[in-house]
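Accompanying notes for the structure given below.
Side chains are part of it too, since the values below use all heavy atoms of this structure and drop only hydrogens, waters and symmetry mates. We count ligands from 1, going down the list as the structure has it; atoms in each ligand are counted the same way.
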Amino acid sequence: MSEIETLEQEALTAIDGAADEAALEEVRVETLGKKGTISAQMKTLGQMSDEERKVAGPALNGLKARVNDAITARRDVLKREALNARLASETVDVTLPGRADPLSKGRIHPISQVMDEITAIFADMGFTVAEGPDIETDYYNFTALNFPEGHPAREMHDTFFLQPDADGTRKVLRTHTSPVQIRTMEVQEPPIRIVIPGKTYRQDSDATHSAMFHQLEGLVIDKSTNIANLKWTLLEFCKAFFEVDALDMRFRPSFFPFTEPSLEVDIQCDRSGGEVKLGEGSDWMEILGSGMVHPNVLRNCGLDPDVYQGFAWGIGIDRIAMLKYGMPDLRPFFEADQRWIDQYGFRPLDMPTLLGGLSQ
Ligand code: DAH
């Protein structure tokens, strides 16, 4: 056998035997690569006489072309085999049940939903949202809000106190969202129109109280803001929130250190049928506290009470969520039970808007 035939035999056997593309590439490098066996033969052409080259040249070129073709053909076969193997191993069982996508499974917690509903309503009235820290100083939680030292109203708040700081003062877990009124008035020139949703804390827990709960505070300060504005704002809010066209509202005199006068607000309801229906009947349900901001509070924030006046209110978010959505017990709100959230949660992309509907 001539040398060319031997080379060809060896190359073709190796090509046939290559089990995958990587092995085939190795064969290519060993034969046609720069230092390959066939390339080495090609290099000998330079030392040949013209006569010899005329015979050996075409023979070597033929060899090179045939080996090249064999490699290309084998590569196609290997590619197809690899693809078939992959398709066989990655088959999809179309009879398997589909997986629910996160959007159809995920749920928004009723507290988040109700906060979104409330902020949508007040945003429509020109309010912005303000926030403050959960851990407060005694000054912001009580003193600046006109709770005198030792006043019994402080004790009514069942406050959680933190360990004393180095200077002996004790921070508190805020007992209400009212301290954010002070923080806002300290830094913002009136007119002020804010709502303040957030977590609040008191040592209290049963079916309708939890040690951590949520409030929404409201504050309006301007030069001529008056009690009629307060009544209108709260009535419009209650109608929009409870999604009723008409609702009777009753204002009772009350006491909060930070408002004068202070008003407790009741809404009309019907309890005769076992469940509470709002906007019907002749019964009343207490729903929030409010009043005209006390002159001392304005002064504590550097505002002149002879120039500025305004109103404020505070409402329990958990309670109005329970009322609106008929939830009898507050405790499951914070137990992270998937069955409860499946039952009472809201679909994630159904954002509450006044135009599109608050709760759909
Ligand atoms: N901070 C009060 C509480 O937690 C609620 C409240 C009542 C807030 C009257 C107000 C208000 O802004 O004017 O009991």
>> Determine whether the aromatic ring centres of residues Tyr344 and Tyr325 are separated by less than 6.0 angstrom.
In response: no

>> Can you name the atoms of ligand 1, numbered from 1 with element, that are less than 4.0 Å from a heavy atom of Thr259?
In response: 13 (O)

> Within the distance-only criterion (no hydrogens, no angle test), does the side chain of Gln113 pair as donor or acceptor with the backbone N or O of Leu358 below 3.5 angstrom?
Replying inline: yes

>> Please list, in number order, the atoms of ligand 1 under 4.0 Å from a heavy atom of Gly291.
In response: 13 (O)

> Which pairs count as ring pair (Phe, Tyr, Trp, His ring centres under 6.0 Å) when at least one residue sits in residues 275-309, sequence neighbours excluded?
Replying inline: none

> Partners of Val29 by side-chain contact (heavy atoms from CB on, under 4.5 Å), sequence neighbours excluded?
Replying inline: Glu25

> Which of the atoms of ligand 1 are close to Gln215, meaning less than 4.0 Å from one of its heavy atoms?
Replying inline: 3 (C), 4 (O)

>> Are Phe142 and His151, when compared by the centres of their aromatic rings, separated by less than 6.0 Å?
In response: no

>> Checking a contact table here: which protein heavy atom is nearest atom 5 (C) of ligand 1, and how many Å away?
In response: Gly314 CA, 4.1 Å

>> Under a 4.0 angstrom heavy-atom cut-off, which atoms of ligand 1 come close to Gln181?
In response: 12 (O)

> Are Phe258 and ligand 1 in contact, using a heavy-atom cut-off of under 4.0 Å?
Replying inline: yes

> Which of the numbered atoms in ligand 1 are below 4.0 angstrom from a heavy atom of Arg202?
Replying inline: 3 (C), 4 (O), 14 (O)

> Are the ring centres of His176 and Phe258 closer than 6.0 Å?
Replying inline: yes

>> For the CG atom of Asp76 and the CD atom of Glu81, what is their distance to the nearest 0.5 Å?
In response: 11.5 Å

>> Distance under 4.0 Å to a non-hydrogen atom of Ser290: what atoms of ligand 1 satisfy this?
In response: 9 (C), 11 (C), 13 (O)

> Going by the atom numbers of ligand 1, which of them fall below 4.0 Å from some non-hydrogen atom of Ser178?
Replying inline: 1 (N), 8 (C)

>> Tell me whether Ala312 has any N or O atom under 3.5 angstrom from an N or O of ligand 1.
In response: yes

> If you measure from OG on Ser112 to CZ on Arg107, what distance do you get to the nearest 0.5 Å?
Replying inline: 14.0 Å

> Tell me: protein heavy atom nearest atom 12 (O) of ligand 1, and distance?
Replying inline: Glu217 OE2, 2.6 Å

